[in-house]
J.: 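Sharing a structure below in structure tokens format, with a few things to ask.
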Amino acid sequence: MTAKDKGGRPRLPFDLDQLIALVRIQCTAVECAAVMKMTEDTIDRRLKDQGETGFAEFYKKHQGEGKASLRRAQWKVAQDGNPTMLIWLGKQALGQRDEQHLKHGGDVTPIRVVFETCYAKDT
């Protein structure tokens, strides 16, 4: 055994591009670890080996790319005339909302509501 060889099993390959792709689709650390067949701690260590500060910061750095891609797809669907997406984006981006005006007809009589408190008997 050489000084560099610490024994144990060989290191698993670490695909940074795959991890970025997983983060872009908003996969959690647990999901990334499962797909990459390694533990969350291993992913964190490998990121630190590559000069990153760890998974949490790496996630913050790359998640926006996926959100932007999703937003782009939503705008495309809306621009293609999808009424559901147009309504949803109108509510999200423009503060639009549905309003319902209800009218009650007929005699209006009060409803009597009685609240009773029951306590279990100690045995």
Side-chain angles (χ1 to χ4, degrees):
M1 214 181 290
T2 66
K4 282 187 173 183
D5 185 9
K6 296 179 183 177
R9 67 174 194 208
R11 288 177 66 137
L12 293 170
F14 183 70
D15 186 347
L16 188 63
D17 291 332
Q18 180 185 28
L19 183 60
I20 291 170
L22 292 168
V23 169
R24 283 179 179 159
I25 61 171
Q26 314 304 301
C27 287
T28 65
V30 172
E31 293 164 340
C32 291
V35 170
M36 297 182 77
K37 296 180 175 56
M38 56 182 61
T39 67
E40 297 167 62
D41 288 339
T42 300
I43 291 174
D44 200 59
R45 276 193 310 275
R46 295 292 185 83
L47 285 169
K48 288 176 181 175
D49 290 346
Q50 296 196 12
E52 299 286 343
T53 55
F55 184 79
E57 289 301 317
F58 183 83
Y59 193 89
K60 288 177 189 174
K61 180 176 166 182
H62 292 283
Q63 73 172 344
E65 298 162 10
K67 286 182 178 182
S69 180
L70 179 58
R71 186 178 305 274
R72 191 177 307 111
Q74 288 176 315
W75 279 106
K76 169 93 173 83
V77 169
Q79 288 173 332
D80 289 345
N82 182 297
T84 303
M85 188 58 72
L86 285 166
I87 292 167
W88 188 83
L89 285 173
K91 289 177 180 179
Q92 298 302 309
L94 305 175
Q96 297 170 342
R97 60 191 171 107
D98 294 324
E99 275 189 39
Q100 293 182 357
H101 298 280
L102 302 175
K103 290 186 179 186
H104 301 282
D107 291 337
V108 178
T109 55
I111 299 172
R112 185 169 178 253
V113 179
V114 177
F115 293 95
E116 292 183 23
T117 306
C118 299
Y119 296 97
K121 225 178 190 184
D122 290 309
T123 55

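What you see is a predicted model, and the numbers here were worked out from it, not measured in a lab.
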J.: If hydrophobic clusters are built by linking Ile, Leu, Val, Met, Phe, Trp and Tyr wherever their side-chain heavy atoms come under 4.5 Å apart, do L12 and F58 end up in the same one?
T.: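 Hydrophobic grouping puts L12 with F58.
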J.: How many angstroms lie between CG in D80 and CH2 in W75, if you round to the nearest 0.5 Å?
T.: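 Answer rounded to 0.5 Å: 13.0 Å.
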J.: Indicate the atoms forming the closest heavy-atom contact of A33 with T39, along with that distance.
T.: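 Closest heavy-atom pair between A33 and T39: CB-C, 3.9 Å.
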J.: Please check if V35 and M38 belong to a single hydrophobic cluster, counting links between Ile, Leu, Val, Met, Phe, Trp and Tyr side chain heavy atoms closer than 4.5 Å.
T.: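 Both belong to a single hydrophobic cluster.
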J.: Going by the salt bridge (Lys or Arg N to Asp or Glu O under 4.0 Å) test, which pairs reach into residues 27-47, not counting sequence neighbours?
T.: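 Matches after skipping sequence neighbours: D44-K48.
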J.: Take C32 and F55, measure what side-chain contact (heavy atoms from CB on, under 4.5 Å) needs, and give me the verdict at the end.
T.: CA-CA 10 Å; C32 291; F55 184 79; 4.2 Å; yes
J.: Could you state the interatomic distance from CZ (R11) to OG1 (T42), rounded to the nearest 0.5 Å?
T.: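 Rounded to the nearest 0.5 Å, the CZ-OG1 separation comes to 9.0 Å.
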J.: Using a 4.5 Å cut-off on heavy atoms from C-beta on, say whether the side chain of M85 contacts that of Q74.
T.: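 They are in side-chain contact.
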J.: Please tabulate, for the side chains in residues 13-27, all donor-acceptor contacts under 3.5 angstrom to protein atoms that are two or more places apart in sequence or on a different chain.
T.:
residue	atom	partner	partner atom	Å
D15	OD1	D17	N	3.1
D15	OD1	Q18	N	3.1
R24	NE	E65	OE1	2.5
R24	NH2	E65	OE1	2.7
Q26	NE2	R24	O	3.2
Q26	NE2	Q63	O	3.2

